[in-house]
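Below you'll find the structure, written out as structure tokens, and then a few comments.
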Amino acid sequence: MSFPNHPASLRRAAPPLRVVLLGLGNVGGGVFERLQADPSRFEVVRAIVRHPARHVAMGVPAGLLSTNPWDALNVAADVVVETLGGESTASGILHAALLRGRRVVSANKLAVVAGWPALRPWAEGPSPRLRFSAAVGGEVPVIETLLGLDGRDPVQRLRGVLNGTCNFVLDRIAAGQGYAGALAEAQARGFAEPDPAADVSGLDAECKLRLAAWAAFGRGPDTLHRQGIEHTGTARRDADSAVLRLVAELVRVGGRLEGRVAPQWCPPEDYLAGARGEENRVEIITGSGERIRLAGRGAGRWPTTASVLGDLDAVWQEHAGQRDQGFQGWRLATA
Ligand SMILES: NC(=O)c1ccc[n+]([C@@H]2O[C@H](COP(=O)([O-])OP(=O)(O)OC[C@H]3O[C@@H](n4cnc5c(N)ncnc54)[C@H](OP(=O)(O)O)[C@@H]3O)[C@@H](O)[C@H]2O)c1
């Protein structure tokens, strides 16, 4: 038996969420494919790229495409998904989209960190209009976990392998490969940043650490020291089987929050030593001594796409919830 006036039925019948995609690259292309497969919930109304002919050749309708990132705002839409990369253009568009009432999902840590003073109010509260789960940890729910922690047992320390490219390169070096060849392989596999300098210099991990600090502590670190992996010659120590990891760490020292991104020798019993290839791992230690450990694929098209879709799913739930409330109101008014 069906109940045509039941909210769930209404949710199914609701028009799809109109989505603008800024970028159809490694991540955006994956998101596009998934949204196209779910037309009852999502409709892509515009996609911004640099080389439209290439995307048309791959089957993207020409009428959807624009090469001007600001065109993302010139179409009626509910949500903007930003996977452009880069800093200044993207963070300006994120802010403008929010001011125009769009919900925003971004995978771009550089843009979110650069624009944070203006973006922060939109990222707070139980129903944030700006979500950026994919910007930290790929499929690993780092931001979601930190936001969900009970404030009565605050985070004391957080440490993690947050850059899959660096971990992959260090693993390959430990296995005897050269630095340049290992980095080229990470790029070929699609989990290096468009500009790998941001990965190997530790900047990418630094941005993730800053976002994690905001999620865990509501503020950025007081100090942040950064060192990358560009000058790594060896990544395995035979004497004690320790492996080199690019560790991003936040420690609360009295009232101060100290941050550090640097290569560290991790003994085999260290949780972070076990991160393999592009895997990300995070260990969160709370004031009461509770240890929360998270692991998963930190980069790559499909893990990152899954994380973007998690945010989009939350937006959809809110969208559908608002419609249900609207429906209840209508039913009461017409009863
Ligand atoms: N790759 C990952 O595993 C991963 C993981 C987590 C987060 N992220 C983040 O996701 C974002 C995207 O990464 P990605 O690997 O998907 O990059 P990508 O493959 O280089 O894709 C970037 C996309 O944006 C378009 N684009 C870039 N600049 C543009 C401009 N000025 N005007 C118009 N279009 C422009 C490109 O168009 P064309 O296709 O025409 O060149 C491309 O479609 C980055 O912020 C990255 O940090 C990536």
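Predicted model only: the values in this text are computed from it and were never measured. Order of appearance sets the numbers: ligands from 1, and atoms from 1 within every ligand.
- Close approach of ligand 1 to Val27 is summarised as follows: ligand atoms under 4.0 Å from at least one heavy atom of the residue are 1 (N), 2 (C), 4 (C), 10 (O), 16 (O), 48 (C).
- Salt bridge annotation for Arg34-Asp38: absent, with no cationic side-chain nitrogen under 4.0 angstrom from a carboxylate oxygen.
- If you check the side chains of Ser127 and Glu318, you find a donor sitting under 3.5 Å from an acceptor.
- The residue from Asn68, Asn26, Val31, Thr83 that puts a heavy atom closest to atom 12 (C) of ligand 1 is Thr83.
- Of all the atoms in ligand 1, the ones that sit under 4.0 Å from a non-hydrogen atom of Leu84 are 22 (C), 24 (O), 25 (C), 26 (N), 27 (C), 29 (C), 34 (N), 35 (C).
- By the 4.5 Å heavy-atom criterion applied to side chains, Thr286 and Gln156 are not counted as neighbours.
- A salt bridge links Arg159 to Glu283: one of the charged nitrogens lies within less than 4.0 Å of a carboxylate oxygen.
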Side chains of residues 250-258: which donor-acceptor pairs under 3.5 Å do they make with residues two or more places apart or in other chains?
{"from": "Arg252", "atom 1": "NE", "to": "Val155", "atom 2": "O", "distance (Å)": "3.4"}
{"from": "Arg252", "atom 1": "NH2", "to": "Val155", "atom 2": "O", "distance (Å)": "3.0"}

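- When non-hydrogen atoms are compared, ligand 1 lies under 4.0 Å from the side chain of Thr304 (C-beta onward) but not from its backbone.
- Shown in contact with Gly25 at under 4.0 Å from a heavy atom are these atoms of ligand 1, numbered in order with element: 16 (O), 19 (O), 21 (O), 23 (C), 42 (C), 43 (O).
- A salt bridge links Asp204 with Lys109; the closest basic N to acidic carboxylate O contact falls under 4.0 Å.
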Walk me through it: do Phe132 and Trp214 pass the test ring-ring contact (aromatic ring centres under 6.0 Å, His included)? CA-CA 12 Å; Phe132 49 85; Trp214 282 312; 8.6 Å; no

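- Contact annotation for Pro303 and ligand 1: no heavy atom of the residue comes within less than 4.0 Å of the ligand.
- Using a 4.0 Å cutoff on heavy atoms, Ile48 counts as a contact of ligand 1.
- Heavy-atom contacts of Ala299 reach the following atoms of ligand 1: 3 (O) (cutoff under 4.0 Å).
- Near Asn108, with a cut-off below 4.0 Å to any heavy atom, the atoms of ligand 1 are 45 (O).
- The shortest heavy-atom distance from Ala134 to ligand 1 is under 4.0 Å.
- Considering only heavy atoms from C-beta on, Val19 comes within 4.5 Å of Leu35 through its side chain.
- Counting heavy atoms under 4.0 Å from ligand 1, residue Arg54 touches it through the side chain alone.
- Geometrically, ligand 1 and Lys109 share a nitrogen or oxygen pair separated by less than 3.5 Å.
- Atoms of ligand 1 lying under 4.0 Å from any heavy atom of Leu24, numbered from 1 in the order shown and given with element: 23 (C), 42 (C), 43 (O).
- The closest donor-acceptor contact from the side chain of Thr232 to the backbone of Ile229 lies under 3.5 Å.
- Assignment of Gly300 to the shell around ligand 1 is supported, since a heavy atom sits closer than 4.0 Å.
- Within the 4.0 Å heavy-atom cutoff, Arg301 does not count among the residues contacting ligand 1.
- Contacts with ligand 1 closer than 4.0 Å are made by heavy atoms of both the backbone and the side chain of Ala107.
- Among residue pairs with one or both ends in residues 133-181, those qualifying as ring pair (Phe, Tyr, Trp, His ring centres under 6.0 Å) are Phe168-Phe191; sequence neighbours excluded.
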